[in-house]
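Structure first, commentary second.
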Amino acid sequence: MAEPETKEDTADEAPKKSSKKGLLIGLVLALLLGGGGFFAAYTGVVGSAFSQEDAHTEDPQLTDLPLVAFVEMEPLVVSLGKSGATRHLRFRASLEVVPGHEADVQNVLPRVVDVLNSYLRAVELPMLENPAALIQLRAQMLRRIQLVTGEGRVRDLLILEFVLN
């Protein structure tokens with residue numbers, strides 16, 4: 001018959017410690033492969049759209065910026081909404097003007113302010129609250145400004161401040 005195990009027998013058969021040799025080899029290989037991959041990508045051997053020779057032969061040519069002039073507009077404060085719940089829009093912009101036409105645009109600036117005041121007052125409040133609508137509002141305002149100033153004078157409307165209170 002089998003003899004019952006005693007505490008002394010179980011103490012002699014202690015669980016074997018697992019070897020950490022495999023873990024250490026795996027860690028060293030991972031570090032070596034990671035370092036080799038970084039070196040290959042950094043030097044351009046792998047993952048480069050063009051070779052090292054192409055990088056030295058191409059010399060980037062910088063183009064000159066187009067000539068522009070700017071006409072600053074005074075900040076506008078437009079009251080919005082019904083008489084019971086009035087809100088205000090603070091608006092400040094700059095007009096990108098073809099060089100040489102700054103004086104022409106400056107002379108009709110009161111008309112530009114009038115057109116913008118009228119347009120912004122007519123826009124519904126939910127549209128002003130929508131951040132994505134700013135692109136459409138900008139295009140509408142630019143078109144109205146170009147009609148007032150005459151074609152070919154104002155290139156762009158740069159919105160510097162658009163705050164709804």
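The chain is numbered in sequence order, starting from 1.
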For residues [X] and [Y]: do they belong to one hydrophobic cluster (side chain heavy atoms under 4.5 Å, members Ile, Leu, Val, Met, Phe, Trp, Tyr)?
X      : Y      : answer
Val113 : Val97  : yes
Val108 : Tyr119 : no
Leu157 : Leu147 : no

If I take atom [atom1] from residue [X] and atom [atom2] from residue [Y], how far apart are they, to the nearest 0.5 angstrom?
X      : Y      : atom1 : atom2 : result
Leu62  : Asp64  : CG    : CG    : 8.5 Å
Glu96  : Leu142 : CD    : CG    : 10.0 Å
Asn130 : Ile135 : CG    : CD1   : 10.0 Å
Phe162 : Leu128 : CZ    : CG    : 5.0 Å
Arg155 : Phe70  : CZ    : CZ    : 9.0 Å
Leu89  : Leu76  : CG    : CG    : 8.5 Å

Find out whether [X] and [Y] are in side-chain contact, i.e. whether some heavy atom of one side chain is under 4.5 Å from a heavy atom of the other.
X      : Y      : answer
Leu160 : Met73  : no
Ile145 : Val148 : no
Val78  : Asn117 : yes

Exercise for the section: Please report the shortest heavy-atom distance between Val98 and Gly152, naming the atom on each side. Expected result: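 Scanning both residues, the minimum pair turns out to be CG2-O, 3.2 Å.
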Handout entry: Considering all heavy atoms, the nearest Arg121-Ser79 contact
Key = NH1-O, 2.8 Å
Problem - Check against side-chain contact (heavy atoms from CB on, under 4.5 Å), Leu125 and Leu164 - result: CA-CA 10 Å; Leu125 193 58; Leu164 191 61; 4.2 Å; yes
Exercise for the section: Taking only Lys NZ, Arg NE, NH1 and NH2, and the carboxylate oxygens of Asp or Glu, determine whether Arg87 and Glu129 approach each other closer than 4.0 Å. Expected result: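 Salt bridge between Arg87 and Glu129, a charged N being under 4.0 Å from a carboxylate O: yes.
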Practice task
Check whether more than 12 heavy atoms from other residues, nucleotides or ligands sit under 6.0 Å from atom CG of Leu67, and answer yes or no.
Solution key: no
Handout entry: Leu29 atom CG, neighbour heavy-atom count above 12 within 6.0 Å
Key =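 Counting other residues, nucleotides and ligands, CG of Leu29 exceeds 12 neighbours.
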Handout entry: side-chain contact (heavy atoms from CB on, under 4.5 Å) partner of Val163, chosen from Arg90, His88, Arg92
Key = Arg90
Problem - Partner of Leu95 by side-chain contact (heavy atoms from CB on, under 4.5 Å), out of Val105, Asp156, Leu158 - result: Val105
Fill in the blank from the handout: From the list Arg144, Gln136, Arg138, side-chain hydrogen bond (donor to acceptor under 3.5 Å, both in side chains) partner of Gln140 resolves to Arg144
Practice task
Could you tell me whether a side-chain N or O of Glu102 sits under 3.5 Å from a main-chain N or O of Val71, the two making a donor and an acceptor?
Solution key: no
Handout entry: Side-chain donor/acceptor of Asn107 to backbone N/O of Ala103, under 3.5 Å
Key = yes
Exercise for the section: Please report the C-alpha distance between Leu120 and Phe91 in whole Å, then the side-chain angles of each, then the deciding distance to 0.1 Å, and finally whether the side-chain contact (heavy atoms from CB on, under 4.5 Å) criterion is met. Expected result: CA-CA 10 Å; Leu120 289 172; Phe91 176 79; 4.2 Å; yes
Practice task
Check the pair Ile159 / Met141 against side-chain contact (heavy atoms from CB on, under 4.5 Å), numbers first and verdict last.
Solution key: CA-CA 10 Å; Ile159 297 176; Met141 289 187 285; 4.0 Å; yes
Exercise for the section: Start with the C-alpha gap between Thr149 and Asp104, add the side-chain angles, then the distance that decides, and say whether side-chain contact (heavy atoms from CB on, under 4.5 Å) holds. Expected result: CA-CA 8 Å; Thr149 60; Asp104 297 340; over 6 Å; no
